[in-house]
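Shown next, in structure tokens, is the structure this report addresses.
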Amino acid sequence: MPTSAPIHDALPQVRGVLTPDRVLSDLTWLRVGGPADVLFQPADEDDLAEFLQKLDPTVPVFPIGVGSNLIVRDGGIRGVVIRLGRGFNGISCEGDTVTAGAAALDAHAARRAAESGLDLTFLRTIPGSIGGAVRMNAGCYGAYVADHLISVRAVARDGSRHEIMAADLRFGYRHSELPEGWVVTEARFRAGRGDPQELQARMADQLARRDASQPTKDRSAGSTFRNPAGFSSTGKADDTHELKAWSLIDAAGLRGHRLGGAQMSEKHPNFLLNAEAATAAELEALGELVRKRVQETSGHELQWEVIRIGEP
């Protein structure tokens, strides 16, 4: 593995925490991944902006959230991994607007909004944090971040700060055009009004339906592949399963299929599991096997929804 000493020697001073050669496996839901050259946990937005401004511009940076939608490869990441924490997890409600720090959990934002009579219930069952939800235009039950987002604050790779309006992110299905290396620090959402008790009841129903259909107690990274249909499950009675990734995987005979310690879930075939001390290489290899088999059996090419980064 290439030495990271030059990066270590040239790091700017910070008020947050810099950790060299930080193994990342315990920061991902799949519990795999080698070390980052450096892990940076900034104290606040000022700390983040000053660090990026002073960091050698040739050094790559990789923002990660809570690792819910991520495979870090076994060789780790060359560069600086940025993980936001307590200075970025505030949530506030005013009028019909919910403002959430990028490190706030999606579920916490949904609950806080509901307490104020604001409907962001679609976020309740989405794993991960607000920054990742924005980057991936996360959604379920027919609602997406793009439907509610007003704007985001972000720090660019050169340390400059920006407010980006939702339209400028050019959202698509599981996609935004946030520039590479930019770090979302805060998001503002517009939410409809609702009765707090009714919103809480709706979220409880959503959780029950999720737990009944998804392997929530197993080590996964959520949905592995995007639906070729181009939209998430709506949760409605007329929802079609045609061109859903799980249906194509099931038809290819890969429900429960294993490769080493990696497995496609028996409960929901579009969930890739670390069933028994899997390596990142095994997880990715199983995913590629699934893509190949689905292509052969259906003619559809599955696209990864789980983000894969790092060296093999």
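Checked against the 6.0 Å centroid threshold, Phe51 and Phe40 count as a close aromatic pair.
Atom CD of Glu266 sits about 11.5 Å away from atom NE2 of His257, to the nearest 0.5 Å. Note: Arg161 CZ to Leu48 CG = 8.5 Å, rounded to the nearest 0.5 Å. To the nearest 0.5 Å, atoms CD1 (Ile64) and CD1 (Ile77) are separated by 6.5 Å. Remark: Asp74 CG to Leu283 CG distance equals 8.5 Å, nearest 0.5 Å. A distance of 8.5 Å separates CG in Leu178 from CZ in Phe171, rounded to the nearest 0.5 Å.
Side-chain contact between Arg112 and Cys93: present, with at least one pair of heavy atoms (C-beta onward) separated by less than 4.5 Å. Annotation: side chain of Val155 is in contact with side chain of Leu52 (closest heavy-atom distance under 4.5 Å). For the pair Val306/Leu272, no side-chain contact is recorded, criterion being any heavy-atom separation below 4.5 Å from C-beta on. Considering only heavy atoms from C-beta on, Glu186 stays 4.5 Å or farther from Phe88 through its side chain. Side-chain contact between Ile249 and Leu302: present, with at least one pair of heavy atoms (C-beta onward) separated by less than 4.5 Å. Leu289 is listed as a side-chain neighbour of Leu254, based on a closest heavy-atom distance under 4.5 Å.
Judged by distance alone, the side chain of Asn89 and the main-chain N or O of Gly101 form no donor-acceptor pair under 3.5 Å. Proximity of a side-chain donor or acceptor of Thr19 to a complementary backbone N or O of Arg22 within less than 3.5 Å is not detected. The main-chain N or O of Ala275 is never found under 3.5 Å from a side-chain atom of Gln263 such that the two would form a donor-acceptor pair. Using a distance-only test at 3.5 Å, with no hydrogens or angles considered, a donor-acceptor pair links the side chain of Asp37 to the main chain of Gly79. Side chain of Tyr144 to backbone of Gly172: no donor-acceptor contact under 3.5 angstrom is found. At least one donor-acceptor pair under 3.5 Å links the side chain of Lys267 to the backbone N or O of Asp211. Under a 3.5 Å cut-off, the side chain of Ser247 and the backbone N or O of Leu243 do not form any donor-acceptor pair.
For Phe271, the ring-ring contact (aromatic ring centres under 6.0 Å, His included) partners at least two apart in sequence or on another chain are His268. Partners of Val23 by side chain to side chain contact (heavy atoms under 4.5 Å, CB included), not counting sequence neighbours, listed by chain and number: Ser25, Pro35. For the side chain to side chain contact (heavy atoms under 4.5 Å, CB included) test, residues two or more places apart in sequence or in another chain that qualify with Asp250 are Trp246, Arg255, Pro269.
Of all heavy-atom pairs spanning Ala113 and Val98, the tightest one is CB-CG2, 3.9 Å. A pairwise comparison of heavy atoms in Asn69 and Ala221 identifies OD1-O, 3.6 Å as the closest pair. Taking all atoms of both residues into account, the shortest heavy-atom contact from Gly85 to Ala103 is O-CB, 3.5 Å. For the pair Asn274 and Arg31, the tightest heavy-atom approach, listed with the atom from each and the gap, is ND2-O, 4.1 Å. Here the closest non-hydrogen pair linking Asp47 and Gly16 is OD2-N, 2.8 Å.
Identified under the salt bridge (charged side-chain N to carboxylate O under 4.0 Å, His left out) test for residues 82-109, with sequence neighbours left out: Asp96-Arg190. For residues 184-225, the set of pairs meeting the ring pair (Phe, Tyr, Trp, His ring centres under 6.0 Å) definition, not counting sequence neighbours, comprises Phe225-Trp304. Applying the salt bridge (charged side-chain N to carboxylate O under 4.0 Å, His left out) test to residues at least two apart or on different chains, the pairs with a partner in residues 51-66 are Glu50-Lys54. Contacts classified as salt bridge (charged side-chain N to carboxylate O under 4.0 Å, His left out) and involving residues 142-158 (residues at least two apart or in different chains) are given here: Glu45-Arg153. Listed by first then second residue, pairs satisfying salt bridge (charged side-chain N to carboxylate O under 4.0 Å, His left out) with a partner in residues 284-294 read Arg73-Glu284, Glu284-Arg308, Glu288-Arg291, Glu288-Arg308, Arg291-Glu301, Lys292-Glu296, not counting sequence neighbours. Among pairs with a residue in residues 201-220, none fulfils ring pair (Phe, Tyr, Trp, His ring centres under 6.0 Å), at least two apart in sequence or across chains.
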Assess the residue pair Arg226 and Glu305 against the criterion (salt bridge (Lys or Arg N to Asp or Glu O under 4.0 Å)); give the C-alpha distance rounded to whole Å, side-chain angles, the decisive distance to 0.1 Å, and a yes or no. CA-CA 5 Å; Arg226 303 176 186 186; Glu305 183 170 325; 5.7 Å; no
Begin from the C-alpha positions of Val290 and Met264 and carry the test side chain to side chain contact (heavy atoms under 4.5 Å, CB included) through to its verdict. CA-CA 9 Å; Val290 168; Met264 302 310 295; 3.8 Å; yes
Any chance you could lay out the side chain to side chain contact (heavy atoms under 4.5 Å, CB included) test for Thr28 and Ile71, step after step, and finish with the verdict? CA-CA 7 Å; Thr28 72; Ile71 292 175; over 6 Å; no
Evaluate side chain to side chain contact (heavy atoms under 4.5 Å, CB included) for Val80 paired with Leu55, printing each intermediate quantity in order. CA-CA 10 Å; Val80 176; Leu55 183 67; 4.3 Å; yes
Please walk me through it: do Ile91 and Thr99 pass side chain to side chain contact (heavy atoms under 4.5 Å, CB included)? CA-CA 6 Å; Ile91 303 169; Thr99 302; over 6 Å; no
N/O donor to acceptor pairs below 3.5 angstrom from side-chain atoms of residues 114-136, sequence neighbours left out:
from	atom 1	to	atom 2	distance (Å)
Asp119	OD1	Thr121	N	3.0
Asp119	OD1	Thr121	OG1	2.7
Asp119	OD1	Arg202	NH1	3.4
Asp119	OD2	Arg202	NH1	2.7
Thr121	OG1	Arg202	NH1	3.4
Arg135	NH2	Trp182	O	2.9

Distance-only criterion, 3.5 Å: show the donor-acceptor pairs between side-chain atoms of residues 162-169 and protein atoms not counting sequence neighbours.
from	atom 1	to	atom 2	distance (Å)
His162	NE2	Ser160	OG	2.8
Glu163	OE2	Ser151	OG	3.0

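Hydrophobic clustering, with ILVMFWY side chains joined whenever heavy atoms are under 4.5 angstrom apart, keeps Val59 apart from Val72. Connection of Tyr141 to Met203 is not established within any shared hydrophobic cluster, with ILVMFWY side chains joined at heavy-atom distances below 4.5 Å, either directly or through further cluster members. Linking Ile, Leu, Val, Met, Phe, Trp and Tyr whenever their side-chain heavy atoms come within less than 4.5 Å leaves Leu39 and Val14 in two separate clusters. Using a 4.5 Å cut-off between side-chain heavy atoms of Ile, Leu, Val, Met, Phe, Trp and Tyr, with links allowed through other members, Leu27 and Ile309 fall into the same hydrophobic cluster. Leu259 and Leu30 fall within a single hydrophobic cluster, where Ile, Leu, Val, Met, Phe, Trp and Tyr side chains are chained together by heavy-atom contacts under 4.5 Å.
Under 3.5 Å, the side chains of Ser176 and Asn137 contain no donor-acceptor pair of N or O atoms.
Surrounding CZ of Arg170 are at most 12 heavy atoms belonging to other residues, nucleotides or ligands under 6.0 Å away.
A salt bridge links Asp44 with Arg15: the closest approach of a Lys/Arg side-chain nitrogen to an acidic carboxylate oxygen falls below 4.0 angstrom.
Its side chain within the 4.5 Å cluster rule, Trp29 clusters with Val66, Leu105 among the Ile, Leu, Val, Met, Phe, Trp and Tyr residues.
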